[in-house]
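Have a look at the structure below before the remarks.
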Amino acid sequence: EGDVYKYYCDGEWKKSSSTKSVAIINPTTRKTQYKVQACTQEEVNKVMEIAKSAQKSWAKTPLWKRAELLHKAAAILKEHKAPIAECLVKEIAKPAKDAVTEVVRSGDLVSYCAEEGVRILGEGKFLVSDSFPGNERTKYCLTSKIPLGVVLAIPPFNYPVNLAVSKIAPALIAGNSLVLKPPTQGAVSCLHMVHCFHLAGFPKGLISCVTGKGSEIGDFLTMHPGVNCISFTGGDTGIAISKKAGMIPLQMELGGKDACIVLEDADLDLVAANIIKGGFSYSGQRCTAVKVVLVIESVADELVEKVKARVAKLSVGPPEEDSDITPVVSESSANYIEGLVKDAKEKGATFCQEYKREGNLIWPLLLDNVRPDMRIAWEEPFGPVLPVIRISSVEEGIHHCNASNFGLQGCVFTKDINKAILIGDAMETGTVQINSAPARGPDHFPFQGIKDSGIGSQGITNSINMMTKVKTTVINLP
Ligand code: G3H
């Protein structure tokens with residue numbers, strides 16, 4: 001049967017009383033790789049209770065001490081990069097080198113967060129009353145930032161470690177406690193990462209990690225009265241969570257259909273390189289992946305040729321061999337991608353390569369002459385399939401971008417900076433990249449989506465602020 005990884009509660013590794021487990025299927029072998037505990041609702045209640053009490057004393061722990069522990073956790077995380085990366089390779093088929101990069105980036109994020117936290121939480125404001133009409137200088141107002149309480153963090157499968165620490169570190173530096181619900185694919189990587197925080201010596205109960213089935217504990221967690229903030233990254237589930245959650249701050253990063261608008265004066269080699277990186281890294285399984293290319297007709301043939309030549313050079317295979325294109329996360333995901341490809345075929349898209357699939361492994365595919373009546377023009381494949389729509393004007397490109405229900409990032413390629421700024425302003429997305437593919441990092445940059453792409457803004461500084469509340473004390477003078 002094999003071992004079942006324990007969950008983390010009250011500073012200890014525990015078995016669930018359910019005696020049930022959740023299987024994690026290796027996307028490459030399509031066989032069970034690991035098993036984790038299927039926690040019960042009672043166990044969630046216990047975790048919440050402990051998180052609430054642990055937070056009270058943590059909030060009184062000096063800021064510099066909180067930062068010191070985070071720095072320690074960051075260092076331990078980096079020391080453990082090899083075994084954690086190995087889990088990422090097995091659980092989510094992330095190419096070996098990218099898996100290591102994810103862990104190192106996570107360590108850096110935790111350290112930066114500790115530094116940023118001591119700066120921004122180390123100062124408040126002082127206001128006087130006589131600036132508002134009718135008031136004398138009889139009131140002094142002091143502001144500080146206080147923690148929210150218990151933060152629930154739900155990261156997605158594609159960055160189980162990095163998008164977990166991007167929630168954990170800001171929550172902790174700000175004086176909150178943290179309950180982590182890892183994605184099923186990526187759960188063991190998350191547990192290993194939590195172990196690094198355990199080794200760093202955080203107080204018992206401050207961090208918990210519950211694993212299990214979404215159907216059993218998903219809604220129970222997100223609707224739990226003990227939760228004071230939810231930070232979620234993932235797909236449509238986020239929309240459902242936001243409708244059911246209580247009156248608490250929400251940070252949501254959901255899907256995207258990031259457009260790449262290419263003007264006739266663009267450096268087409270630069271564009272092609274960015275389309276490859278943006279569209280095909282981690283086999284397109286990034287919310288910020290380039291998901292539709294909108295290219296001016298006059299340069300479309302040349303661009304498609306350049307991209308085709310680069311697609312041909314992508315290696316396809318297992319993540320252990322550090323292949324560029326690796327199996328997508330699950331069979332259902334591969335089936336969904338295939339559905340989009342078939343629809344495009346029926347409606348007459350030009351296939352720049354032959355469509356090929358073996359198990360969860362899908363060969364990279366560029367679809368030219370995609371039209372708005374095809375599903376792939378609007379839906380996100382979350383796979384290595386990229387549609388190209390030829391446009392006759394920039395306005396047409398902007399219109400397509402803005403007609404999407406997503407609004408995460410977008411990019412525009414041109415040598416004319418004035419045009420780039422104007423197009424960027426017109427694109428209804430949280431971020432516009434000029435002359436580069438969309439990306440979340442560097443991790444201290446603000447990161448946000450509009451419409452169905454999310455609520456709130458992330459990035460280290462914004463996350464710390466979001467996980468605090470302003471408290472004011474007014475001194476009334478005689
Ligand atoms: O999948 C969503 C991530 O936030 C994207 O992050 O741009 O660093 O790949 P990334």
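Note that ligands are numbered from 1 as they come in the structure, with each ligand's atoms numbered from 1 the same way. In this chain, numbering begins with 1 at the start of the sequence shown.
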Of Lys213, Lys244, Lys243, the one forming a salt bridge (Lys or Arg N to Asp or Glu O under 4.0 Å) with Asp219 is Lys244
If we number the atoms of ligand 1 from 1 as shown, the ones under 4.0 Å from a heavy atom of Ala439 are 7 (O)
- Could you check whether the rings of His198 and His195 sit parallel, tilted or perpendicular, using 30° and 60° as the cut-offs? parallel
Before accepting this row, confirm whether a basic side-chain N of the pair Glu380/Lys257 lies closer than 4.0 Å to the acidic partner's carboxylate O.
-> no
Against ligand 1, does Glu253 come closer than 4.0 Å with any heavy atom?
yes
For Phe413 and Ala266 the tightest heavy-atom approach is O-CB, 3.4 Å
**Message:** Any atom of ligand 1 sitting under 4.0 Å from a heavy atom of Tyr282?
**Reply:** no
For atom 2 (C) of ligand 1, the closest protein heavy atom turns out to be Cys287 SG, 2.1 Å
The side-chain hydrogen bond (donor to acceptor under 3.5 Å, both in side chains) partner of Ser189 among Glu91, Glu86, Lys94 is Glu91
Short version for Arg105: what comes under 4.0 Å of ligand 1, heavy atoms counted, is side chain
Within 45 degrees of the axis of the six-membered ring of Phe280 and under 6.0 Å from its centre: does Arg310 put its NZ or CZ there?
-> no
In ligand 1, the atoms that come under 4.0 Å of a heavy atom of Thr288 are 5 (C), 6 (O), 7 (O), 9 (O), 10 (P)
Worksheet entry | Side-chain H-bond candidate by donor/acceptor type, Glu116 with Thr461, under 3.5 Å | yes
For atom 9 (O) of ligand 1, the closest protein heavy atom turns out to be Tyr159 OH, 2.5 Å
Under 4.0 Å from one or more heavy atoms of Asn158, ligand 1 contributes atoms 1 (O), 2 (C)
Phe447 heavy atoms within 4.0 Å reach ligand 1 at atoms 4 (O)
If you compare Arg286, Arg440, Glu102 by their heavy atoms, the one closest to atom 6 (O) of ligand 1 turns out to be Arg440
